Amino acid sequence: MIRSITQQKPEEELDQLLEGLGRIFIIGCGTCVTLTQTGGGPEVAKMKEKLSQKGKMITGDVVVPVACDNLTREALDEYGGRIDQADALLIMTCAFGVQTIARQMKKMVVPALDTLFIGKETSLGEFNEICTQCGTCILGETGGICPVTSCHKGLVNGPCGGTNNGKCEIDNDKECAWTLIYNRLNELNRLDAMRKLQKPRNHQGELSPGKWTSKLEI
Amino acid sequence: MSAKTPSRLEKILDSGQLAVTSECGPPRGSDPEAITKKAEMIKDHVDAINITDNQTSVTRLSSLASCIHLKLMGLEPTLQMVVRDRNRIALQSDILGAASFDIHNILCLSGDHQVFGDSSQGQNVFDLDSMQLIQTVRLMRDEGKFLGGDDIKRPPKMFVGAAANPFADPFEIRVPRLAKKIAAGVEFIQTQCIYNLDKFELWMKQARDRGLHEKVYILAGVTPFKSAGMAKYMKNRVPGMDVPDEVVKRMAGVSKENQPEEGVNICVETIQRLKECEGVRGFHIMAIEWEEKVPEIVERSGLYPRPKDL
């Protein structure tokens, strides 16, 4: 399943973000950050303990089922008084959750996590991006492996000259996307697909930054 | 193939003579002498001088400005351009800037990933890839059009080059990749530094089997080792580099003070052997921060004097 992949912010940065904010309400999420163990029940409990030791008053905490859902508002309504007492909401969800909550509550929000990418758990504790939502899919010509996402240079016309034993030049632990594509196309007897000169990408397909659409035909 | 641009390098290659090019890395500062002094050392021994574009992703004086310094000295520069740092607007704009100084050679490269350099936290751009940059320059030159389709007044007249690495893996992809660059419109190739001659000759044979040597001018890339340490470093640390054990052993087998000479010997022997390799149309000598050795290498390889009047 696709998840929003996050990691906890460095403690020092969090301390700076919370400077001068004495009373904190902590919000975790039962979905993606529970899987990545960055903002589920145990992490919220640990954060609560840590901040208490640093002299913060924790006015309350909750792990909402799906922070990015509009129903989060209702889940938080139950905690109205405790939220009102807080100087800020410390939100241990991905940035989707942070923004959903910020839109709904008239409170200063502080993200406890950095949102890295939208991806999936490919093996235990290992998360991969898989798709950058570029808006101009070429998977049909690359054997179903995405070079836009998996190649560190996002090359669409074949590998650079830095492949070392099938690994990426920037990380010996990472497979070279184009070696994977080559092997896959070779297996499928479709190497001719690599001959096609891919045109410069249409970045209007993604409008980055600032992606949005109102044209979906539903 | 026949000359399509005012490039001197192209004319020499077109005449059937072996070409010799070299390169200078710009300084990490704004002193123009850092470029002009290096160029002075090699100018009589090479046909064109590449200026590297923030190589290894370390911020330096720009390739374009350095090329202009060479041009003002009356020399023939080759503008190296990586797609790592600039989007298609900036790339096309710099191509026009170079063309306004009548810079007639361009080398289209992907560029090392920025994680290797001094700005590892910076954004990588890669709006175009090297293949698309080749197509872009050809479109600008041959059709007088921008990528966006508009007409260019006084289009650039550039001889279009790219790199090829016969040693990166998978090996079987490397000749098809050369073919793809030719299909994109590349006219000359500079190869990765060659130390594994057997492998290079195999790559060259596969290229010949497809007739590619008649569609593109291939300049064999060579880099003299200054020391055994450098040989080991290149073998173990530089991505896509193939330095056979016997070459490292040969460097390590001579005393430290004789290692520079041994490095030059290996380089000269490489050139002499590859002069006989069908399809090699010249040499690109990358003497990294050792430009003063280029004249000796060129002379000892029997590539001097360089053609004068064309």
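A note on names: the letters A, B, ... follow the listed sequences, proteins ahead of strands, and every chain is numbered from 1. Values below: every heavy atom of this structure, side chains too, minus hydrogens, waters and symmetry copies. Source: prediction; values computed, not measured.
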We want to know whether [X] and [Y] form a side-chain donor-acceptor pair, criterion being a heavy-atom distance below 3.5 angstrom.
X	Y	result
B:Asn50	B:Gln190	yes
A:Glu169	B:His113	no
A:Thr179	A:Thr163	no

Sort B:Val125 into side chain, backbone, both or neither according to what part of it lies under 4.5 angstrom from a heavy atom of chain A. neither
Let me know if B:Arg174 has heavy atoms under 4.5 Å from chain A in its side chain, its backbone, both or neither. side chain
Would you say the side-chain atoms of [X] pair up with the backbone N or O of [Y], donor to acceptor, closer than 3.5 Å?
X	Y	result
A:Asp87	A:Arg23	yes
A:Gln7	A:Leu113	no
A:Lys56	A:Leu21	yes
B:Asp112	B:Thr56	yes

B:Lys215 vs B:Glu187, test: salt bridge (Lys or Arg N to Asp or Glu O under 4.0 Å). Steps then yes/no. CA-CA 8 Å; B:Lys215 295 179 180 163; B:Glu187 296 164 313; over 6 Å; no
Write out all pairs satisfying ring-ring contact (aromatic ring centres under 6.0 Å, His included) with one or both partners inside residues 127-148 of chain B, taking only residues at least two apart or from two chains. none
Residue, of [options], that accumulates the most heavy atom pairs under 4.5 Å with chain A:
options	answer
B:Arg177, B:Glu172, B:Met131	B:Arg177
B:Asp129, B:Asp169, B:Asn165	B:Asp169
B:Pro170, B:Ser110, B:Ser130	B:Pro170
B:Leu128, B:Asn124, B:Val115, B:Asp127	B:Asp127

Option in A:Asn157, A:Asn165, A:Asp171 with maximal non-hydrogen atom pairs under 4.5 Å from chain B: A:Asn157
Chain B contacts, top residue of A:Asn183, A:Leu155, A:Ile170, A:Leu191 (heavy-atom pairs, under 4.5 Å): A:Ile170
Quick one: which residues of residues 134-144 of chain B reach chain A at under 4.5 angstrom, heavy atoms only? B:Gln135
Below 6.0 angstrom between ring centroids: does that apply to B:Tyr195 and B:Phe225? yes
